[in-house]
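See structure below.
Values below: every heavy atom of this structure, side chains too, minus hydrogens, waters and symmetry copies. Quick note on labels: first sequence line is chain A, next is B, and so on, each numbered from 1.
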Amino acid sequence: MINYNELTVPEATLIQKELRSQVLITPFKGAIHYIAGADISFNKFSTTVYAGIVLLRFPELTPVGYSLVKKEVLFPYVPGFLAFREVPALLNAWEQLPIKPDVLIVDGHGIAHPRRMGIASHFGVLTNQPTIGSAKKKLFGNYEEPGPNRGDYTPLTDKQGEIMGNVLRSKDKVKPIFVSPGHLTDVAGSLHTLMQCVGRYRLPEPTRLAHNAVNQFRLGTLPEGWSESF
DNA sequence: GCGACAG
DNA sequence: ATCTTGTCGC
């Protein structure tokens, strides 16, 4: 694989345009037995990132274990190019998983991106894995504010009216989250699956647990590697 | 030129 | 993303 650390933004843009043709937006078939959440944590001004993937049983959402990996990253955070900063470390965490989930939820957007290549789509294409993008803020597109109750949602569209994903109120009266298909699933399917992952918090369980895990890892409370004890 | 801008 | 205490609303 290409070394993302030495890329320029123009070069990264070319890679996104190439990968874009490989993204497959199609209804997800089959049952989901395992689902996972991926996230990254780091200290401000540091080049060390702490990546993690938490595996859960589905639909119970009971955690099975987590994969934690530390890595040096030089590519800076540039809106629209998050994948070049976080994907390398996440791939290492992915390789370390003893069981691959049927679907992976990534913290960021899927095709709701200027070039349809958000981090969830990027990771999905590289691993040939069904992925869903779940972000806390909009990156690209237009939408109407969804209703105030849990479960209310509105479409996120591009400048041509094409629906890229949905804006979902995951909890009563909290800021909505942005859900879009990454790879090997579609807009309706990604929303449906994600809704089944929302518990009593704003963020879906896979993402929330992954966020907790990488933070504990960064702070030295959890060890690197694969572990089944929480 | 101006506003927007995942983590 | 991370750093942070109290504070407002349900």
Could you list the residues that satisfy salt bridge (charged side-chain N to carboxylate O under 4.0 Å, His left out) with A:Lys175, not counting sequence neighbours?
none

Considering only residues two or more places apart or on different chains, which pairs with a residue in residues 94-104 of chain A satisfy side-chain hydrogen bond (donor to acceptor under 3.5 Å, both in side chains)?
A:Ser67-A:Gln96

I need the full list of salt bridge (charged side-chain N to carboxylate O under 4.0 Å, His left out) pairs touching residues 56-80 of chain A, with sequence neighbours left out, sorted by first then second residue.
none

Has A:Arg218 got a side-chain N or O lying under 4.0 Å from the OP1 or OP2 atom of C:dA1?
no

Just to verify, what does A:Tyr34 make a ring-ring contact (aromatic ring centres under 6.0 Å, His included) with, not counting sequence neighbours?
none

Paired stretches of DNA chain B - 3 or more consecutive Watson-Crick or G-U pairs, each distance under 3.5 Å
none

side-chain hydrogen bond (donor to acceptor under 3.5 Å, both in side chains): which pairs involve residues 133-143 of chain A, sequence neighbours left out?
A:Asp107-A:Lys136

Among side-chain atoms of A:Arg202 and A:Ser170, is any donor-acceptor pair under 3.5 angstrom?
no

Represent DNA chain C in dot-bracket notation, 5' to 3'. Only Watson-Crick or G-U wobble pairs with both distances under 3.5 Å count; pseudoknot-style crossings use [ ] and interstrand partners use |.
..........

Using a cut-off of 4.0 Å on non-hydrogen atoms, how would the nucleic acid contact of A:Asn142 be classed: base, sugar-phosphate, or nothing?
nothing

Respond yes when some side-chain nitrogen or oxygen of A:Asn215 is under 4.0 Å from OP1 or OP2 of C:dA1, and no when none is.
no

Please identify which of these residues, A:Gln16, A:Arg20, A:His109, meets the side chain to side chain contact (heavy atoms under 4.5 Å, CB included) condition with A:Arg116.
A:Arg20

Please name all residues satisfying side-chain contact (heavy atoms from CB on, under 4.5 Å) with A:Ser229, sequence neighbours left out, ordered by chain then number.
A:Ser227

Its contact letters, B for base, S for sugar-phosphate only and - for none at protein heavy atoms under 4.0 Å, make nucleotides 5-10 of chain C read ------

Using 30° and 60° as the class limits, which term best fits the ring planes of A:Phe84 and A:His122: parallel, tilted or perpendicular?
perpendicular

Would you give a per-nucleotide map of nucleotides 2-7 of chain B, 5' to 3', where B means the base has a protein non-hydrogen atom under 4.0 Å away, S means only the sugar-phosphate does, and - means neither?
---BBB

Pick base, sugar-phosphate or nothing for A:His122, based on heavy-atom distances below 4.0 Å to the nucleic acid.
nothing

Just checking, is any N or O donor in the side chain of A:Thr8 or A:Glu11 under 3.5 Å from an acceptor N or O on the other one?
yes

Gap separating the SG atom of A:Cys197 from the CG atom of A:Leu56, nearest 0.5 angstrom
8.0 Å

Pairs in or reaching into residues 140-154 of chain A: which pass salt bridge (charged side-chain N to carboxylate O under 4.0 Å, His left out), with residues at least two apart or in two chains?
A:Glu145-A:Arg169

Sorted by chain and number, sequence neighbours left out, side-chain contact (heavy atoms from CB on, under 4.5 Å) with A:Leu24 holds for A:Thr26, A:His183, A:Leu184

